Each structure stands twice: as structure tokens, then as C-alpha cells.
Amino acid sequence: MNLYVVREYSITESSGGYESAIRTIGIGMKNPNTNNIIPSPITNFIKTMYRNKGKSISSQRNSAYAITRFLNYIINQIKQKDSYFMHLENEGISGLGLIHGSKYISSLSLRARAGELSPEYVNDQMRYIIKFYYWLKLQKIIDEDFEITYKSIKRGQREQLVEVNPFDDIELGTIFVGRDERVKSMLSDFGVNRYPLTIKLINIARNIAPDIALGICFQFFGGLRRSEVVNLTRQNIKEQGNGLILEIRDNQKVLFPNIKNTSHITSVALK
């Protein structure tokens, strides 16, 4: 399968009878068998968003590498038969949705939390991906449903308009890192944002580890400890009206026969 690569090359620009050669950046598709590189239309992103706006060759290069890493991540997910990405094998870039960018950003964030990447690097890559999605949307290359909106931020003495992050959506469950985050300690309380954070965490579980999502709901809404959740069986979950009764029984004899059983029983109501 072809991979995206970054290449630097010279072009000649002319105006008013004057010509000048400049270095610029392009994106191509490289055939791993022949090493032939075919120019990619994605180069237009670099051209319109960076070169035509007078951005330096360094800015063009950084953006191009960020985009090729993202696109090659997608190719790798297709190779791994990731169900979220398989349709892109036929649809290509036009089939890109926010979920694909969300999963890429989440993968970078998890690597940052493991100490493999810096949070600053992850946030820089995310800004390039956001700009790329905005460009795809404005060029009508993708039809993903998200708003093109901007916010004003202060950079020194001047204000600058930047793209609002479309991946910051509870339903997507994107994992982010702070600028100085290395996950030094665990959260003991979700604070004033506890309700949206609760929904976000449950949605992350549904996307990444769906077999534990129900147990997390029991912990949030029933106040169960982890040890109580892992001891639940189907027989311990009973419907009552619009809610559930969770029978908290020590099922060690059934689930963990090699551990000494000290049986007791309580119940918790979930509405």
C-alpha cells in the first residue's frame, strides 16, 4: 500500500517580467515497490494555507509532515482492519469524518501520557489536523457535519482568530493532554464539570473498551467499588420499575474458587 511522503522542490514564480526560483514543500504518494512518487492533490492544502500566505518553508514543512503522519496513521489502521477506518479504503479522503481525527489525536495523547511524546508536540499536531479538516470542509472535499467557527485569542499584544476545535465533543470522546500534562496524579474529584466529564468517560469506555462500559456506569450511578463490580453476575442484576437493583454478593466461590470466600450480601438501587 502506498504511503504519503513530504518532498521539497523548487518552483519559478514570475510577476511583472521578473522571475524568481523559490523552495517549496509538496506531498506525494510513494510506491514502496518502485519508490516512484506521485504528486498528491493534498499539496494544495500546503499551497493555499501556507505558501500563498507567505509562510516560511519551515512552516510548510512542519504542516506537511503533520498531515502525512495523520494520513499514514489512517493507512495503518486500514491495514489492521480497524472497523472505524475500513470504508476509507474505497472512499479515500472524501470519506474522512471527525471520528478518524479524534482517534488519531487520542492515540497521540495516550503516547504523551506514557512519556513517549511531549504534550506540546501533541497539541501542535492537533492544530495542524484541525486546520486540515477546516480546509477539507471549505473545499467541499468532505461533507462531515461540523461548524466552521473561529475564536479570538491574544498572542502578545495582538489578537488572532483561530479555529474552534471540532474534536472537543463529548460524543467523540477525544482524549486530550494539557500543555504541561504528564499525568502526575489521579483526579479524586471531577469538580464543577463532573456531569459532562462522566458522560465523556463513559463514551470513551464504549469506544475503546466496551466490555467494561456497563461496569463503569454501575460505579458512577450506583456508587459501586471496583471489587463489587467484578463480583457481579447476571443473576445479581434485577429490573425494578424504571431502574435496576444490583445485588452485591461475594461471588468469590463462583468466580474465584481459589480465593477464600467470606460471603455477605447487600443491594443497591439504580434509578
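For clarity, every value in this text was computed on a predicted model and none was experimentally measured.
Phe70 and Tyr104 have tilted rings, their planes meeting at an angle from 30° to 60° on a 0 to 90° scale.
Between the CD1 atom of Ile42 and the CD1 atom of Ile93 there is a distance of 3.5 Å, given to the nearest 0.5 Å. To the nearest 0.5 Å, atoms CG (Leu110) and CD1 (Ile175) are separated by 4.0 Å. We find the CD1-CE distance between Ile37 and Met29 to be 11.0 Å, quoted to the nearest 0.5 Å. Atom CD1 of Ile204 sits about 12.0 Å away from atom CD1 of Ile199, to the nearest 0.5 Å. To the nearest 0.5 Å, atom NZ of residue Lys103 and atom CG of residue Leu98 are 13.0 Å apart. For the atom pair Ile78 CD1 and Ser83 OG, the distance stands at 12.0 Å (nearest 0.5 Å).
At distances below 3.5 Å, not a single donor-acceptor pair connects side-chain atoms of Ser63 with backbone N or O atoms of Gln60. Distance alone, capped at 3.5 Å, places no donor-acceptor pair between the Thr68 side chain and the Val5 backbone. Under the 3.5 Å distance criterion, the side-chain polar atoms of Asn231 are left unmatched by any main-chain donor or acceptor of Glu228. Of the possible polar contacts, one joining the Tyr133 side chain to the Gly97 backbone as a donor-acceptor pair under 3.5 Å is found. Side chain of Asn31 to backbone of Asn36: no donor-acceptor contact under 3.5 angstrom is found. Tyr73 places no side-chain N or O within donor-acceptor distance of the main-chain N or O of Gly101, the cut-off being under 3.5 Å. Proximity of a side-chain donor or acceptor of Tyr50 to a complementary backbone N or O of Phe45 within less than 3.5 Å is not detected.
Under the 4.0 Å criterion applied to side-chain N and carboxylate O atoms, Lys137 and Glu144 are not assigned as salt-bridge partners.
Scanning both residues, Ala66 and Tyr128, for their nearest heavy atoms gives CB-CD1, 3.4 Å. Pairing each heavy atom of Phe221 with each of Thr198, the nearest pair is CZ-CG2, 4.2 Å. The two residues Pro166 and Phe146 have their closest heavy-atom pair at CB-CD1, 3.9 Å. Scanning both residues, His100 and Gly95, for their nearest heavy atoms gives CE1-O, 3.7 Å. In terms of heavy-atom proximity, Asn207 sits nearest to Glu171 at ND2-O, 4.2 Å.
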Side chain to side chain contact (heavy atoms under 4.5 Å, CB included) assessment of Leu224 paired with Leu232: CA-CA 10 Å; Leu224 273 66; Leu232 287 173; 3.9 Å; yes
Verdict with reasoning, Val177 to Arg113, per side chain to side chain contact (heavy atoms under 4.5 Å, CB included): CA-CA 8 Å; Val177 290; Arg113 293 183 176 188; 4.0 Å; yes
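Within a 6.0 Å radius of CG in Asn35, more than 12 heavy atoms belonging to other residues, nucleotides or ligands are found. By the neighbour-count criterion of 12 heavy atoms within 6.0 Å, atom CD of Glu159 is densely surrounded, having more than that number from other residues, nucleotides or ligands. The local environment of CZ in Arg206 is sparse, with at most 12 non-hydrogen atoms from other residues, nucleotides or ligands closer than 6.0 Å. Annotation: Tyr9, atom OH; neighbour count of heavy atoms from other residues, nucleotides and ligands within 6.0 Å is above 12.
Leu138 and Leu136 fall within the same hydrophobic cluster, defined by Ile, Leu, Val, Met, Phe, Trp and Tyr side-chain heavy atoms under 4.5 Å apart, directly or through other members.
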